[in-house]
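Taking it in order: structure first as structure tokens, then the write-up.
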Amino acid sequence: MTIEVEDLRKKFAGKEVLKGVSFKLRSGSITGFIGPNGAGKTTTIKILSGLLRKDGGFVKVFGEDPWDNPKVMERISVIFTNLIHPQENTVGEYLMDLGNVYGKKREIINYLIEEFKLTPHLNKRLYQLSSGLAQRVQLVAALIKDVELIIADEPTANLDPSFRIEFYEVVKELNRKNGVTFFISSHILSELEKVITDVIFINDGRITYSGRMNKALSDTEEEEIYVMVDDTDRALKLLGGILEGPYIKVKGKLREIVDKLDDNGIEIISIRRFSLDDAFKKFSNI
Ligand SMILES: Nc1ncnc2c1ncn2[C@@H]1O[C@H](COP(=O)(O)OP(=O)(O)OP(=O)(O)O)[C@@H](O)[C@H]1O
């Protein structure tokens, strides 16, 4: 097991923010770590990265507690929204030094530098970088370290859409080709939804769901379908279900629902399946 957390607790100034967090991270998964603002994601990630001491419970990363045994961090890359590296170095020095430490070929480093369009910025010092640029440098640095696990806290928060797409392409490739496990916290659920295999929801310091993505999206035999039609009253009578905003939420099979509405001359304006956004609301009690 890559990560095992059991009854993890953390207090800040007497206020408990992690209230017994328990989950296991499946090796080889791309796991989304999702929850509202203040739920405890960053606090959990800092404890998993050995940057913060826990107050109670049990944390194992590759079998070790990262606070007691920081050496385990050599097998992990951690990406935060803000850069936490030596600020006086230039981008080029920093990435090349890292390449030397981790025995990475120059061509691979140059490839990543090109891929993340860092070539024009190699002579800039780290403290001079805009936050989006700093985040791209962090991504490349994380990719240079040959690691088995990448933990990322809002890794695409400062990136423009093209680099966000690029980031998730690299995630998928590293996962598929090198078997790297990912633990990614993000509020951009539409992006996460396309790549994650597993999901862990946290709300108010407690885990509300942990498991496979497809199970989170349909934990019943039948799917939840959201349909917007031109005659809501008649469709409600026909399908049953409940009204959520302009949508009727109904359990059933997509094909059968479409056929039923069609047979009765009700026009579908929009139809969608239960999404990660819906799961977020459900597991965050919103
Ligand atoms: N150093 C600190 N001192 C005091 N309180 C803190 C500290 N760090 C975090 N907190 C509090 O702990 C709670 C959890 O914060 P955390 O940053 O882990 O949440 P989060 O899920 O990452 O939120 P966000 O989505 O906004 O990043 C919040 O109420 C926050 O205000």
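Atoms within a ligand are numbered from 1 in the order they appear, just like the ligands themselves. Values below: every heavy atom of this structure, side chains too, minus hydrogens, waters and symmetry copies.
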Would a 4.5 Å heavy-atom cut-off, applied to side chains only, mark [X] and [Y] as touching?
X      : Y      : result
Leu254 : Arg272 : no
Ser270 : Tyr226 : no
Glu191 : Tyr168 : yes
Thr2   : Phe62  : yes

In this structure, does ligand 1 have an atom that sits under 4.0 Å from one of the heavy atoms of [X]?
X     : result
Ala13 : no
Pro36 : yes
Lys46 : no

Looking just at side-chain N and O atoms, do Glu148 and Thr181 make a donor-acceptor pair shorter than 3.5 Å? no

Distance-only donor-acceptor check, side chains Ser185 and Asp153, under 3.5 Å: yes

Counting only nitrogen or oxygen atoms and a 3.5 angstrom limit, does His187 reach ligand 1? yes

Does atom 29 (O) of ligand 1 have a protein non-hydrogen atom under 4.0 Å from it? yes

Do any non-hydrogen protein atoms sit less than 4.0 Å from atom 9 (C) of ligand 1? yes

Can you list the ligand 1 atoms lying under 4.0 Å from a non-hydrogen atom of [X]?
X     : result
Ala39 : 19 (O), 20 (P), 21 (O)
Thr43 : 14 (C), 15 (O), 16 (P), 18 (O)
Val17 : 12 (O), 13 (C)

For [atom], what is the closest protein heavy atom, and at what distance to 0.1 Å?
atom                    : result
atom 6 (C) of ligand 1  : Phe12 CD1, 3.2 Å
atom 23 (O) of ligand 1 : Gly38 N, 2.8 Å
atom 27 (O) of ligand 1 : Thr42 OG1, 3.9 Å
atom 26 (O) of ligand 1 : Asn37 ND2, 2.8 Å

Angle class for the Phe183/Phe23 ring planes (parallel below 30°, perpendicular above 60°, tilted otherwise)? parallel

Out of Lys11, Lys15, Lys41, Glu154, who is nearest to atom 20 (P) of ligand 1 when you count heavy atoms only? Lys41

Residue from Ile269, Ile248, Ile268 passing side-chain contact (heavy atoms from CB on, under 4.5 Å) with Met228: Ile269

Does NZ or CZ of Lys249 lie under 6.0 Å from the centre of the six-membered ring of Tyr247, at an angle within 45° of the ring axis? no

